[in-house]
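So that the names make sense, note that chain A is the first sequence line, chain B the second, and so on, each numbered from 1. Note that these values count all heavy atoms, side chains included, but never hydrogens, waters or copies made by symmetry.
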There are 2 protein chains.
Amino acid sequence: MTSSGMQRPGGRTARVRTAVLKAAEDALVEVGFAGLDLGDIARRAEVGRTTVYRRWGSVGALLADVLTDMAEQSLPRARTGSLHEDLRANARLVQRTLADPRQGALFRAVLLAATCDPAAAEALHRFYRTRVDEWAPCVTEAVERGELPPGTDPAEVVRAVSAPLYYRMLTTPDPLDEPTADRAAAAAESAARAGAFRPAGPEVI
Amino acid sequence: MTSSGMQRPGGRTARVRTAVLKAAEDALVEVGFAGLDLGDIARRAEVGRTTVYRRWGSVGALLADVLTDMAEQSLPRARTGSLHEDLRANARLVQRTLADPRQGALFRAVLLAATCDPAAAEALHRFYRTRVDEWAPCVTEAVERGELPPGTDPAEVVRAVSAPLYYRMLTTPDPLDEPTADRAAAAAESAARAGAFRPAGPEVI
DNA sequence: TCGCTAACGGGACTTTGGTGCCGTTAAGAT
DNA sequence: ATCTTAACGGCACCAAAGTCCCGTTAGCGA
């Protein structure tokens, strides 16, 4: 008896999954989220249409799988030993990712999918939790070094770096460039140094 | 000859538009962005299906019109005379808006639509530009009062207040509450006071 | 190497989102 | 009040997304 969970994950099945995920990304970049069509993706992947419908069933579920796949390829975070440098490295990484035609389109699409599809939402939340946890040590170490006030919430600082970049991407037509990334990092750093990210209020002098 | 532009905007036409926009919002809240169907919206609005397809033609265009309509109902900004209070008022307004089931769903949907539909994107960008301009005077006045360093970019400060709220809404399952809003406002204020939002670098002592 | 069966693939079939046609209604000008 | 025509509404039509069925392929265990 094969374990009930994944029954036959090797060989062909894995090959089909890889081809379909790749095709989904390609289609996303070319035609955008709105134009996604499972039939078209099957054609691109040179895979039976039925297969795609059976294994994923919806655009949301497929994008959730794409995101899960992306989450597994984790990039190493910077370790420069200075909060300022670390946050800037993080900001620039996010900026480059969002500005990249392929990755950027992908992220926008998954953000979209997450608002309608529960599976995509779950995958998205896991993805960001992972990424934030990955960078949080930068902040923890800065607190230990005495660069930041004790009690600072590391995750909040990391999120504060990304937030302006995402907000800009979504609500303005302006391009995401390096100066923007550096400003986001600098703003987060200033706020953190001022103690804005401690759970308790900032009324301690 | 009627002026070229809008040819017959009164009476029935306006009534149809109102009914359809209302129906679109209802549908959005009930079935979500992914489930939007122009036929269904026409049924809800008690309007001919053909009419909706002819006047708007796509979900993106319809949502763009919904957003344009929303932009016209502008809420007055706070004028408390203190940067801290003003930014907090702004943050809480955004928080309440995004946390509201109806408005929140609507904003998410329009953000989505903007990433695939050019018309929706344009409407969205206009909307945010308007809102940011509306609140920018808070910051300008704070600069004049000497609360913030000269050269501070007002729009960037206002955006810095909203950004963490949107980021949280999109990337985490956590609810948007008042403390979160207050923290966002406080962080933006700290960063602004530290001079993080001046176009030139913050290396002036 | 062989057998079992999970997973794939092709094609027919159904459902549904979207378009075209044309008669009807009512806004706005005279 | 009357006329013109922009805009609406119903219906038939079309195309394409999604489902079903069943025969075929190939992973995996013995």
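The separation between Arg15(A) atom CZ and dA26(D) atom P is 8 Å, rounded to whole Å. Summarising the geometry, the separation between CZ on Arg55(B) and C1' on dG18(C) is reported as 19 Å, rounded to the nearest angstrom. Regarding Ile41(A), its CD1 atom lies at a distance of 10 Å from the P atom of dG18(D), rounded to whole Å. Per the geometry, CG belonging to Asp40(B) stands 13 Å off C1' belonging to dT16(C), to the nearest Å. Remark: P of dG17(C) and CG of Leu36(B) are 12 Å apart, rounded to the nearest angstrom. Atom P of nucleotide dT15(C) and atom CG of Leu38(A) are separated by 20 Å, given to the nearest angstrom. We find that CG of Leu62(A) is positioned 12 Å from P of dG18(D), with the value rounded to whole Å. Separating the CZ atom of Arg43(A) from the C1' atom of dA16(D) is a distance of 11 Å, rounded to the nearest angstrom.
Below the 3.5 angstrom threshold, one finds no donor paired with an acceptor across the side chain of Arg54(B) and the base of dT19(C). At a cut-off of 3.5 angstrom, the base of dG10(D) holds no donor-acceptor pair with the side chain of Arg49(B). A donor N or O paired with an acceptor N or O is found under 3.5 Å between the base of dG10(C) and the side-chain atoms of Thr50(A).
At least one side-chain heavy atom of Asp26(A) sits under 4.5 Å from a side-chain heavy atom of Arg102(A).
Judged purely by distance below 3.5 Å, without hydrogens or angles, the side chains of Thr68(B) and Asp65(B) never pair a donor atom with an acceptor atom. Using a 3.5 Å distance cut-off with no hydrogens or angles, the side chains of Thr130(B) and Asp133(B) do not pair a donor with an acceptor.
The side chain of Arg17(A) contributes no N or O atom lying less than 4.0 Å from OP1 or OP2 of dA7(C). In this model, the phosphate group of dG18(C) is approached by a side-chain N or O of Tyr53(B) to a distance below 4.0 Å at OP1 or OP2. Contact annotation: Thr51(B) reaches the phosphate of dG9(D) (side-chain N/O to OP1 or OP2, under 4.0 Å). An OP1 or OP2 oxygen of dG28(C) is reached within less than 4.0 angstrom by no side-chain nitrogen or oxygen of Arg12(B).
Ion pairing between Glu189(A) and Arg88(A) fails under the 4.0 Å rule for side-chain N and carboxylate O.
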Exercise for review: Starting from the C-alpha separation in whole Å, work towards a yes-or-no answer on side chain to side chain contact (heavy atoms under 4.5 Å, CB included) for Leu62(A) and Leu36(A).
Suggested key: CA-CA 11 Å; Leu62(A) 178 53; Leu36(A) 279 190; over 6 Å; no
